[in-house]
Protein chains: 2
Amino acid sequence: MMKKQLIMEKAFELFSEQGFEATSVQQITERCGISKGAFYLSFKTKDELIFSMIDHHMQQFVADIDLVVRNVVNKQDLLVEFYKSIFKNFKKHSKSARIFMKEQGLTANKELFKKVNSYEIMMTQSILSMVEELYGVKLQDIKYDLVYCIKGFVRSYSELFMFYDLPIHVDELASSLAEKTNILAQNMTNPFITKELAQIVESPFDQEISTDKLKELLDQNIQGLEESIERESLVLLKEQIEQQTLSKTIIKGLIENIRHLTDCKWTAYVLIKYFEL
Amino acid sequence: MMKKQLIMEKAFELFSEQGFEATSVQQITERCGISKGAFYLSFKTKDELIFSMIDHHMQQFVADIDLVVRNVVNKQDLLVEFYKSIFKNFKKHSKSARIFMKEQGLTANKELFKKVNSYEIMMTQSILSMVEELYGVKLQDIKYDLVYCIKGFVRSYSELFMFYDLPIHVDELASSLAEKTNILAQNMTNPFITKELAQIVESPFDQEISTDKLKELLDQNIQGLEESIERESLVLLKEQIEQQTLSKTIIKGLIENIRHLTDCKWTAYVLIKYFEL
DNA sequence: TTGACAAATGACTAATTGGTCATTAGTATA
DNA sequence: TATACTAATGACCAATTAGTCATTTGTCAA
């Protein structure tokens, strides 16, 4: 378990230096200071490593956004907080963003594409639920289009973080984009993305969370922890999956208990979806 | 010359199927029905092939946009025509767009990055000049920001062409985005991208067109043509580079003569910049 | 100290890579 | 037909790749 993490970290460095296919298992093991055989004890193939890494990074990203969107108290600040969170993430993880968000297009591997795409869809859904929260039923017919605009802003301005080490003021950027978003929401009359179109785009790669997968996920988290409130929360949550006896409020509380752990962000996100909180 | 084209075409197919590094010279030559040696008669290395392909496709793209931006008669239609042109291009060349516009999967090669980046900058400058044409001095302080919004729209909505074979109505999309752009232009008060920031982002990779390179380019075009008005125009234009004796109007006309040839689009674009027309 | 088991090694394989070059095929001129 | 030339070939090379497995090392309890 420890070793897996080491490999992923070092591999990540190499990927961001040289790119995907250009990095050999040899190089990874050298930088880790382990043997080739040891690598294959942790990962069955090189592909498995790549898949794990994408999961890891995308999960962090998606979960972070969703957290902000769901938890902002003041509706007035929601947009600004959303943009702030997203660009702070870009600033912090610009390398992984560069590798995983952009590589989408040219990955030969169909499985890989599907994976990245499914996370992209989750992100889109988070944004959509934010737009609904913000503008309610007022903007039923333009909300899908607005989501695409927001995604466009994010893509375009994130370039500033990805390729240049500029001293960007995230707060100013966020409030500038929030203004733009509001202006569009209030003035747009001619949307292009309709509900139907949005559904077509989102549907084909839709991903369900199976009970088994979720349990597996929890087991992983549990194993990595010593006796603690967080660990116990996880154990309780796992029991709730098999048979839900506690109230939603209590379950929500248990999830809150684990949310602050880096490795549990994703689990928390999935649990919220699963229990429909 | 003929063979170069064949190789580039077939290689392009393979790249869009399997990706970049995953395609071997072997595979390319097999699909072309030529030997390995023959490949290395046309290109010194595999990298040279990649560079040529990027040049070829990006040149088409950039030149097309610039042409539209410069030549629309009715200022009212400018925005719509711009978007229409760009998305028609995406629709037609979705594969190359997918491969080459998504730059940074290829971070491995610094030279490659610089190349793609320089084209990106040219595109940005075309958009900027459009914005200036559209809104004049009125929007001095938000024009750079507006350019980033436009780029964002393009990126976000181009996704529809890249990954899904949807029956998109380009005209509707264009007018929808034109509306958004105008709304932003008229209501935005809080721009983020200032002139200084824009200059920092654009400057480091600035690319100059050397006289020699331009002559080389013309020679290439001339060689590929039989006796014709177009060919003679090119010859005359080459003379004008060495010693400019004709008026700007005449030179403009000569450029118009060659513009319709696919292989001369780029040359026309460069010539216009060179003679400051 | 011994024995049992898991963790880790790195030499090895088989396949593939980009690139070379002595050789051959094809063509045009004399 | 003979000569001179270029275009094209594909066997070959050294380097590198992902992945394997017989062997060694480390770590326990008895």
Side-chain angles (χ1 to χ4, degrees), chain A residues 1-55 99 103 106-112 115 219-220 223-224 226, chain B residues 1-55 99 105-112 115 219-220 223-224 226:
Chain A
M1 182 61 78
M2 217 49 229
K3 187 144 292 172
K4 256 191 172 175
Q5 215 129 4
L6 172 72
I7 292 172
M8 280 170 68
E9 261 169 47
K10 299 296 180 187
F12 177 70
E13 288 174 21
L14 283 163
F15 286 161
S16 65
E17 287 164 20
Q18 314 174 330
F20 235 45
E21 328 243 9
T23 302
S24 69
V25 175
Q26 187 94 276
Q27 284 175 296
I28 295 169
T29 57
E30 266 168 26
R31 185 164 297 198
C32 290
I34 61 169
S35 70
K36 216 160 177 199
F39 174 91
Y40 284 95
L41 287 177
S42 291
F43 298 94
K44 268 200 270 301
T45 62
K46 189 189 174 188
D47 273 358
E48 200 189 282
L49 165 66
I50 292 163
F51 275 60
S52 297
M53 288 179 64
I54 289 196
D55 271 333
I99 296 176
E103 193 117 15
L106 43 86
T107 39
N109 196 322
K110 286 256 165 81
E111 282 307 309
L112 211 79
K115 203 176 251 300
D219 275 331
Q220 269 180 33
Q223 273 189 323
E226 294 173 357
Chain B
M1 182 60 79
M2 217 51 230
K3 187 144 292 173
K4 257 190 172 177
Q5 215 127 6
L6 172 72
I7 293 172
M8 280 169 70
E9 261 170 46
K10 299 298 181 186
F12 177 70
E13 288 174 21
L14 284 162
F15 286 162
S16 63
E17 287 164 20
Q18 316 175 330
F20 229 49
E21 327 244 7
T23 303
S24 69
V25 175
Q26 188 92 279
Q27 285 175 295
I28 296 168
T29 57
E30 265 167 29
R31 185 164 296 198
C32 290
I34 61 170
S35 70
K36 214 161 176 199
F39 174 92
Y40 284 95
L41 287 177
S42 291
F43 297 95
K44 268 200 271 299
T45 64
K46 190 189 175 190
D47 274 357
E48 199 188 283
L49 166 66
I50 291 163
F51 275 60
S52 297
M53 287 178 66
I54 288 195
D55 272 332
I99 298 177
L106 332 150
T107 25
N109 195 324
K110 285 258 164 80
E111 282 306 309
L112 212 76
K115 200 177 252 301
D219 275 330
Q220 270 181 30
Q223 274 189 323
E226 294 174 357

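Here the structure is a predicted model, which is why all the values come from computation and not from measurement. Order of the sequence lines fixes the chain letters, A, B, ..., with proteins taken first and strands second; residue numbering starts at 1 for each chain.
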J.: Name all residues meeting the side-chain contact (heavy atoms from CB on, under 4.5 Å) criterion together with B/Ser42; count only those two or more places apart in sequence or in a different chain, and write none if there are none.
T.: B/Lys3, B/Lys4, B/Ile7
J.: Kindly give the heavy-atom pair with the smallest separation between B/Thr23 and B/Lys46, and that separation in Å.
T.: O-NZ, 2.7 Å
J.: Without decimals, in angstroms, what is the distance between B/Leu41 CG and D/dT9 C1'?
T.: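 Result: 10 Å.
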J.: Closest approach of A/Glu13 and A/Arg31, non-hydrogen atoms and distance?
T.: OE1-NH1, 2.9 Å
J.: Round to a whole Å and report the spacing from CD1 of A/Ile28 to P of D/dT17.
T.: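 That distance rounds to 11 Å.
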J.: I'd like to check A/Leu49 versus A/Val25 (side-chain heavy atoms, cut-off strictly below 4.5 Å). Are they in contact?
T.: no
J.: Please give, in whole Å, the distance from C/dA7 C1' to A/Lys4 NZ?
T.: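 Spelled out: NZ on A/Lys4 to C1' on C/dA7 is 16 Å.
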J.: Taking side-chain contact (heavy atoms from CB on, under 4.5 Å) as the definition, give me every residue that meets it alongside B/Glu48, ordered by chain and number, with sequence neighbours left out.
T.: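 Checked B/Glu48 against side-chain contact (heavy atoms from CB on, under 4.5 Å); matches are B/Phe43, B/Lys44, B/Thr45.
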J.: Take nucleotides 14-20 of chain C nucleotide by nucleotide from the 5' end and write B, S or -, depending on whether a protein heavy atom sits under 4.0 Å from the base, only from the sugar-phosphate, or from neither.
T.: ---SBBB
